[in-house]
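See structure below.
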2 protein chains.
Amino acid sequence: MSDRLINELSHELLHFFNGLSSWESSVVRNSDLSVSEAHALEVLGQFGRMNMKSMAQKLGVTTGTTTVTVDRLEKKDYARRESIREDRRVNLISLTEKGCRAFDEHNKFHLTLTEQMISALSEEESNRLLTILKKINSEIF
Amino acid sequence: MSDRLINELSHELLHFFNGLSSWESSVVRNSDLSVSEAHALEVLGQFGRMNMKSMAQKLGVTTGTTTVTVDRLEKKDYARRESIREDRRVNLISLTEKGCRAFDEHNKFHLTLTEQMISALSEEESNRLLTILKKINSEIF
DNA sequence: ATAATATTATTTGATATTAAAAATATTTTA
DNA sequence: TAAAATATTTTTAATATCAAATAATATTAT
């Protein structure tokens with residue numbers, strides 16, 4: 001594979017990633033949530049109710065850290081803990097009404113950004129991008 | 001533009017972004033640097049010597065935060081401050097030898113990831129991805 | 001059934017990181 | 001030169017993180 005392609009692509013990917021990052025953090029800054037709280041909200045919104053351990057795994061942090069994050073989300077009424085009969089050690093975490101609304105709201109920002117991107121591309125290119133991302137996501141991430 | 005395309009693309013973009021994020025943070029965790037230090041190193045490596053203000057802008061944080069980050073990079077001998085005659089308020093920040101090596105090292109990781117992505121795609125798709133990213137980067141980010 | 005082991009979540013103590021405000025230093029401009 | 005603008009540092013308070021210890025509960029082996 002040509003070095004030129006690798007280098008250029010790496011450079012554009014970095015630019016793209018940095019663009020997404022600063023866009024995301026400006027959205028979060030304008031919200032009621034900290035970065036880690038927002039991340040937790042996304043995970044809960046996307047994957048639904050889950051216990052602390054798998055939440056910690058999805059977030060890539062320890063369960064201790066997750067406990068603190070969930071405490072804060074609970075205090076702000078974005079999430080709740082529920083215990084289950086089958087295993088009294090376990091807490092299932094899920095979004096409250098308010099949490100769901102915040103997740104939807106956040107999602108709208110994502111959709112808006114996606115629309116912006118699409119409008120910079122032809123319809124054919126947009127479809128190609130979708131195909132390409134699906135491949136990369138399923139094979140690498 | 002079709003809702004289906006927007007939704008799917010948004011979803012894949014989020015997945016892609018999360019994949020990149022956790023990949024990046026695992027690389028950083030295995031290094032001598034914190035996330036913000038690594039970010040600063042990237043900016044300095046990519047854009048070269050600059051003053052605190054423009055560095056803060058590139059990083060998307062305040063100059064106060066940047067001062068602290070540069071302090072740490074300086075202490076670890078990754079970066080240095082240089083003053084200039086023309087304006088004694090100004091410090092120009094640049095990478096040391098060690099900083100340059102770390103930047104190159106970090107860059108190698110990026111190239112490796114890029115190669116992985118390319119190997120999941122056909123040559124045509126890789127070129128298409130480059131074209132698409134260039135468009136998005138120049139028009140949106 | 002009991003004892004040993006494993007799992008899940010929380011708490012604690014120590015650092016690291018961050019943003020924002022206040023203080024200081026310097027340059028530019030009127 | 002005095003005032004305004006700019007750049008930086010310091011300080012403060014909030015947040016984030018981890019590792020280790022603890023508590024509660026489940027599971028497994030004897």
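Chain letters run A, B, ... following the sequence lines, proteins first and then strands; every chain starts at 1.
- The separation between A:M52 atom CE and D:dA23 atom C1' is 15 Å, rounded to whole Å.
- A salt bridge does not link B:R80 to B:E74: none of the charged nitrogens lies less than 4.0 Å from a carboxylate oxygen.
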Kindly give the atom pairs (protein nitrogen or oxygen, nucleotide nitrogen or oxygen) under 3.5 Å for nucleotides 14-17 of chain D.
from: D:dA16; atom 1: OP1; to: A:S34; atom 2: OG; distance (Å): 2.4
from: D:dA16; atom 1: OP1; to: A:S36; atom 2: OG; distance (Å): 2.8
from: D:dA16; atom 1: OP2; to: A:R72; atom 2: NE; distance (Å): 3.1
from: D:dA16; atom 1: OP2; to: A:R72; atom 2: NH2; distance (Å): 2.6

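- Nucleic acid contact class of B:N91 (heavy atoms, under 4.0 Å, all strands): sugar-phosphate only.
- For the pair A:R101 and A:E105, the salt-bridge criterion is not met [side-chain N within less than 4.0 Å of a carboxylate O].
- As rounded to whole Å, 10 Å separates atom C1' of C:dT11 from atom CG of A:D71.
- Computed from coordinates, the B:K75 NZ to C:dT15 C1' distance equals 14 Å when rounded to whole Å.
- Residue B:N51 contributes atom CG, which lies 15 Å from atom C1' of D:dA5 at whole-angstrom precision.
- The existence of a salt bridge linking B:R128 and B:E124 is confirmed by a sub-4.0 Å separation between a basic side-chain nitrogen and an acidic carboxylate oxygen.
- One atom, CZ of A:R88, and another, P of D:dA23, lie 18 Å apart when rounded to the nearest Å.
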Atom pairs, protein N/O to nucleotides 1-7 of chain C N/O, distance under 3.5 Å:
from: C:dT7; atom 1: O2; to: A:R89; atom 2: NH1; distance (Å): 2.6

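- Each of A:T67 and A:R29 was assigned the nucleotide of DNA chain C with the nearest heavy atom; the assignment lying further toward the 5' end belongs to A:T67.
- Atom pair B:I84:CD1 and D:dA7:P shows a separation of 11 Å (rounding to whole Å applied).
- Atom CD of B:E97 has 12 or fewer heavy atoms from other residues, nucleotides or ligands within 6.0 Å.
- Mapping A:E86 and B:V90 onto DNA chain D by nearest heavy atom places B:V90 at the nucleotide closer to the 5' end.
- What separates CD1 of A:I93 from P of C:dT8 is a distance of 14 Å, to the nearest Å.
- Checked for salt-bridge contact, B:K76 and B:D71 miss the test: no charged N lies under 4.0 Å from a carboxylate O.
- When the P atom of C:dA9 is taken as reference, atom CE of A:M50 falls 12 Å away, rounded to whole Å.
- We find that A:K134 and B:E12 are not joined by a salt bridge, their nearest charged nitrogen and carboxylate oxygen being 4.0 Å or further apart.
- Remark: of the listed residues B:L73, B:V70, B:L92, B:V70 is the sole one forming a side chain to side chain contact (heavy atoms under 4.5 Å, CB included) with B:R81.
- Under a 4.5 Å side-chain heavy-atom criterion applied to ILVMFWY residues, the cluster that includes A:V35 comprises A:V28 as well.
- The line from OG of B:S34 to CZ of B:R72 is 5.5 Å long, rounded to the nearest 0.5 Å.
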